[in-house]
Amino acid sequence: MVNENDIVVQTNDLTKKYGTTYALDKVNITVKRGEIYGFVGRNGAGKTTLIRVLTGIANPTSGSFVLLGAKTKAEQIERRKHIAAMVETPALYMNMTAHDNLRTTLILKGIKDEELIRARLHEVGLEDVINSKKKAKDFSLGMKQRLGIAMALLGDPDLLILDEPTNGLDPEGIREMRELLVGINKKRNITMIISSHILGELSKLATTFGFIDKGKIINEITSEELFAKVSKEVIIKTDDNIKALGLLNEVYPKSVSKDDNGSLRISGVANSSDIVKLLIKSDINVLNFREQENGLEDYFINLIGGNHNE
Amino acid sequence: MSRLLKLQLFRAFKDKGTIVFAIITLALGVFTILFNFLLSQSIGVGGSTLIGDLFSISSLVNSSFSLASTPMVLLIIVGVVLLYKESGWGTIRNQVVAGYSKFQVYFANFLAMLIILFTILFTYQVLTVGLGFAFGFDFGISTSSEWGGFFKRYGLNLLIFITEVAFMTFISLMFQNIIAPVFLVVIVPIFVAAILQTVVPLVVIINVDNAASIVGGFEYVIWYQSTALTISGLSYEMFSSMGDLFETVLYDTNSSSFIIKTIATNVALCGVFLGLGSYLFSRKDLK
């Protein structure tokens, strides 16, 4: 049982509709204090929509959420003073320098200490532009992302929400961004929600994962559970897949899926021979059986149904 | 709220486009006085009034509030662009994420635009008056009751100005793009003014018998569109010399019915643009 004070974000059947399309369909996630919550899904799966709703940029169609203990809209507005977010692209005043962009955040948050500007720019590796006249519009994408994070960190937030922070970065930039975020999480113990469509990238920093597809949360697991699942997968074909699926779902909940070829995939199984024994005991004949080592991306693609759902 | 306002003023101060447009507006004031001075010299009026006895500086000050005047058009463009940049860059999202309600964001934007645009306009007016005096033009007011009338007209025009800024904020924040505000806030009013100023006299001149009923059908639109010009006295000065034909579009700006109508209309419109606008904005998803 998780203590209510340890829950930073909890959504309850959160739904967002655009016309007849569900961008979010009864989404339920829980983000606990100190976690780095990796929010994974393909482009258009609903990641940004959820972040937009949590940050107040968009209004939900139905459902509710708790943000840092706040349940009502008025409380949530007030509580947002303790969160920071970078949604979609970094929202910068393109005609201003990095220093002036950070000043806008100081003004917004009512912070007087201008020395913080220098400290935050240093923290995100933008010390070169501290006294520069270069405008944000002339920054590279990586610099803009860093500046966005520097702005977000100014108010010492309890929750940092970053939407695809590595989008458009080169491999070196991705690595640096990852190290920056892990460093911030450890140093300041800030809870983070980070969205990405690349599981491999998030797996290196997230402690919990929420998988979303077509506006629905399809799985929510810890990093330990994820790595247990991706380590080994059993692919099996039987003469009665419906009965086998029901049986395996009881024994290995959340671990069984059916692929396009009619095979059953059971992930995170320590001893695969247990599965065969179980099926035979239930009068189900095993027609085909093999084990497969899976990567993170394979797990993700299997989870969301591969290209079939595109 | 004060922080949001401070942020808006800070960003406007840092915006080159705003500074450039403000300078152009002020340069226009200098040009207007210089042009009138040279014109009055060349036609031998002697430089006591603007454009050969037609207009005084006081009416020029009040007419600068009109949507049909160039300074006002420039100011509206400044406001529309400033408001658009917040949506275009996504920086308006920062304000919501930082713990301000959309209601507060809406009002802060409106108040900031009011302060920024009025500061530029007031500087333009002061500059015009100062230069006007320096070049020997007549202010057009001598008695204390005339001063009272001037400030009354200025107050009414200020109310119209507030309505215009509220309308600009409403359209800009509702559409969150540049095309709709430029079209609805800048082009349409100019277009309507052009139609009214062309069609109304034509209707009056060509179809004298039915003029009153035809023009009267659009009287409220004509009245509202031309209130700033009417209040400044320019419409009266232009049309009254043409006789009874333009009686329909001439108003006694000192009458209590005119003042009440102006105040009521503008307060109602402000209520719609600010009340309804902030309500709709708070229910709207930001881009």
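Residue numbering restarts at 1 for every chain, and letters A, B, ... go by the order of the sequence lines.
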Counting heavy-atom pairs under 4.5 angstrom with chain A, the leader among B:Gly90, B:Ala98, B:Ser2 is B:Ala98
B:Val96 and A:Ile57 have their tightest heavy-atom pair at CG1-N, 4.2 Å
Looking only at heavy atoms, the pair that brings B:Ser282 and A:Lys73 closest together is O-NZ, 4.0 Å
Quiz prompt | Side chain proximity check, A:Met96 to B:Thr91, heavy atoms < 4.5 angstrom | solution = no
(Q) Could you check whether any side-chain heavy atom of B:Asp15 comes within less than 4.5 Å of a side-chain heavy atom of A:Tyr93, counting everything from C-beta outward? (A) no
Structural part of [X] lying under 4.5 Å from a heavy atom of chain B:
X	value
A:Met86	neither
A:Thr105	neither
A:Arg79	neither

Atom [atom1] of [X] and atom [atom2] of [Y]: how far apart are they, to the nearest 0.5 Å?
X	Y	atom1	atom2	answer
A:Arg103	B:Arg11	CZ	CZ	15.5 Å
A:Thr104	B:Gln8	OG1	CD	10.5 Å
B:Asp285	A:Lys16	CG	NZ	3.5 Å

Should the heavy atoms of other residues, nucleotides or ligands under 6.0 Å from OH of A:Tyr18 be counted, would the total exceed 12?
yes
Margin query: For the NZ atom on A:Lys216, are there more than 12 heavy atoms of other groups (residues, nucleotides or ligands in this structure) within a distance under 6.0 Å?
Written below: no
Review point. Is the shortest side-chain N to carboxylate O distance from A:Asp100 to B:Lys14 below 4.0 Å?
Key: yes
So side-chain hydrogen bond (donor to acceptor under 3.5 Å, both in side chains) across residues 131-143 of chain A, not counting sequence neighbours, yields none
